[in-house]
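Beneath this line is the structure, given in C-alpha cells, with notes to follow.
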Amino acid sequence: MIVVMKIGASKEAVLHVEKKVREMGFKPHPIYGTERTVVAAVGPGKKADLEALATLDGVEGVVPISKPYKLASREVKKETSVIDVREGAVKIGGKKIVVMAGPCSVEGKEQLVSTAKAVKKAGARMLRGGAWKPRTSPYDFQGMEAEGLELLAIAREETGLPVITEVMNACDIELIDRHADVFQVGARNVQNFGLLKELGQIKKPVFLKRGMATTIKEWLMSAEYVIAHGNPNVILCERGIRTFETSTRNTLDLNAVPVVREQTHLPIVVDPSHGTGHWQYVTPMALAAIAAGADGLMIEVHPDPERALSDGGQSLKFKRFEELMKQAAAVAKAVGREI
Ligand code: PEP
Ligand code: MN
C-alpha cells in the first residue's frame with residue numbers, strides 16, 4: 001500500500017505516518033518525489049489497518065500497489081529516479097546520458113590507466129573494469145581481485161572518473177566499498193538473493209544487470225530486494241538475453257527499455273558489448289539503445305582487443321570508441337537528450 005501525502009505536507013506529518021505504519025507491522029519507505037512525498041508500506045501487517053491512515057494530518061489517501069515489485073514500481077514514484085554517483089559527480093537517470101566504458105577485466109596498470117584516459121577524452125563519464133570475473137570456465141582468467149581493485153583506484157585518481165566494478169561475493173563488499181563508486185551485480189548473480197540483501201545495507205548505487213534468462217518482472221523483483229533491504233539506489237542494465245539465435249552472443253532486448261520505463265522509476269542503462277558479443281555490432285546497437293530511451297551505455301574498450309584476457313571480440317579499440325561517442329551525441333540530440 002502507499003500512503004500518498006498532500007502536496008506540501010510537513011516533515012512531521014510524514015514522520016508521524018512512518019511511525020503509525022511501523023506500529024501496524026509494516027516497514028515504511030518514504031519516497032520523495034519532486035511534487036509530493038509518498039510512504040510505501042511493505043511487509044506482513046494487515047492491509048485493512050492502513051486504510052485508517054487516510055484520516056491523518058497531511059495525508060491525501062491510501063492506495064494499493066498493484067505490481068508485485070512495490071518500491072521499484074512507477075506507481076510509487078511518477079518521475080524517473082536520478083541516481084547520484086560519487087556524491088552527485090555523475091547523475092544517472094537525468095537528461096544527460098551517462099556512458100561508462102573500460103576493459104572487461106582489469107589486466108594491469110598500463111592497460112587500465114591508458115584505457116581510462118582514452119575513454120575520458122572521448123567523453124565517457126565513468127570507468128568500468130572487472131576485478132573479480134565470473135567466467136564460465138574455472139580455467140579461464142578469474143580477475144586480479146583485490147590487486148585489480150587497487151588499480152581501479154589509481155585510474156580513478158588519475159582521471160577523476162568514478163569507477164564501477166563487479167561484486168560476486170558479499171564478503172568482498174567492504175573492500176570494494178573502499179575503492180569503487182558503483183557495485184555491479186552481473187547477469188549470473190541477478191537472483192543471488194543473499195548478495196542482493198547485503199547490497200541493501202550499503203549506500204552506494206547498485207548496477208543490476210539483467211540475467212540471461214530472467215524476465216523483466218523477475219529482474220525488477222531483484223531490484224526490489226535491494227530497495228526493500230534499505231538501498232534505493234538501483235540502476236538497471238539490459239545486457240542481452242539468451243535466445244535460439246547464435247549469430248550474436250546474446251539477443252539484446254531493447255524492448256526492455258520502454259517496458260522498464262513504463263513499469264519502474266529506476267533508470268536503465270544498456271550494454272551492447274555483452275548484448276551482441278561482436279565489436280562490429282556494438283556501435284549500431286548503442287545508437288539504437290539511445291534512440292529507445294536508455295539513460296546510459298556500458299561499453300567494453302581495450303587498447304589491444306586481440307590480446308585481451310576476456311571479451312576481446314566484443315571490445316572496441318580507442319578510435320572506434322571515439323567514433324561511437326560522436327555518433328551517440330548526434331542520436332542523443334535527436335531524441336532530446338545530451339551526452
Ligand atoms: C561484465 O560486465 O564484464 C560481465 C561479466 O557482464 P554480464 O554479467 O552482463 O555477463
Ligand atoms: Mn565482459
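Counting starts at 1 for both ligands and their atoms, in listed order.
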request  = Give the name of the N/O/S atom in E300 that lies closest to the Mn ion (ligand 2).
outcome  = OE2

ask   = For the Mn ion (ligand 2), which N, O or S atom of D311 is at the shortest distance?
value = OD2

Look at [X] together with [Y] and state whether they make a salt bridge at an N to O cut-off of under 4.0 Å.
{"X": "D253", "Y": "R239", "answer": "no"}
{"X": "D304", "Y": "K317", "answer": "no"}
{"X": "R261", "Y": "D295", "answer": "yes"}
{"X": "E60", "Y": "R36", "answer": "yes"}
{"X": "E323", "Y": "K326", "answer": "no"}

request  = Decide side-chain contact (heavy atoms from CB on, under 4.5 Å) for E338 and K333; before the verdict, give the C-alpha distance in whole Å, the side-chain angles of both, and the deciding distance to 0.1 Å.
outcome  = CA-CA 6 Å; E338 285 165 20; K333 193 165 170 224; over 6 Å; no

key: K209/M298 under side-chain contact (heavy atoms from CB on, under 4.5 Å): CA gap, chis, key distance, verdict   = CA-CA 11 Å; K209 284 194 151 192; M298 171 172 264; 3.9 Å; yes

List, pair by pair, the atoms of ligand 1 and of the protein that are both N or O and lie under 3.5 Å apart, giving the separation rounded to 0.1 Å.
| residue | atom | partner | partner atom | Å |
| --- | --- | --- | --- | --- |
| ligand 1 | 2 (O) | R128 | NH1 | 2.7 |
| ligand 1 | 2 (O) | R128 | NH2 | 3.4 |
| ligand 1 | 2 (O) | Q184 | NE2 | 2.9 |
| ligand 1 | 2 (O) | K209 | NZ | 3.0 |
| ligand 1 | 3 (O) | R128 | NH2 | 2.9 |
| ligand 1 | 3 (O) | K133 | NZ | 2.9 |
| ligand 1 | 3 (O) | H274 | NE2 | 3.2 |
| ligand 1 | 3 (O) | E300 | OE2 | 3.3 |
| ligand 1 | 6 (O) | K209 | NZ | 2.9 |
| ligand 1 | 8 (O) | A187 | N | 2.7 |
| ligand 1 | 9 (O) | K209 | NZ | 2.9 |
| ligand 1 | 9 (O) | R239 | NE | 2.7 |
| ligand 1 | 10 (O) | R188 | NH1 | 2.9 |
| ligand 1 | 10 (O) | R239 | NH2 | 2.9 |

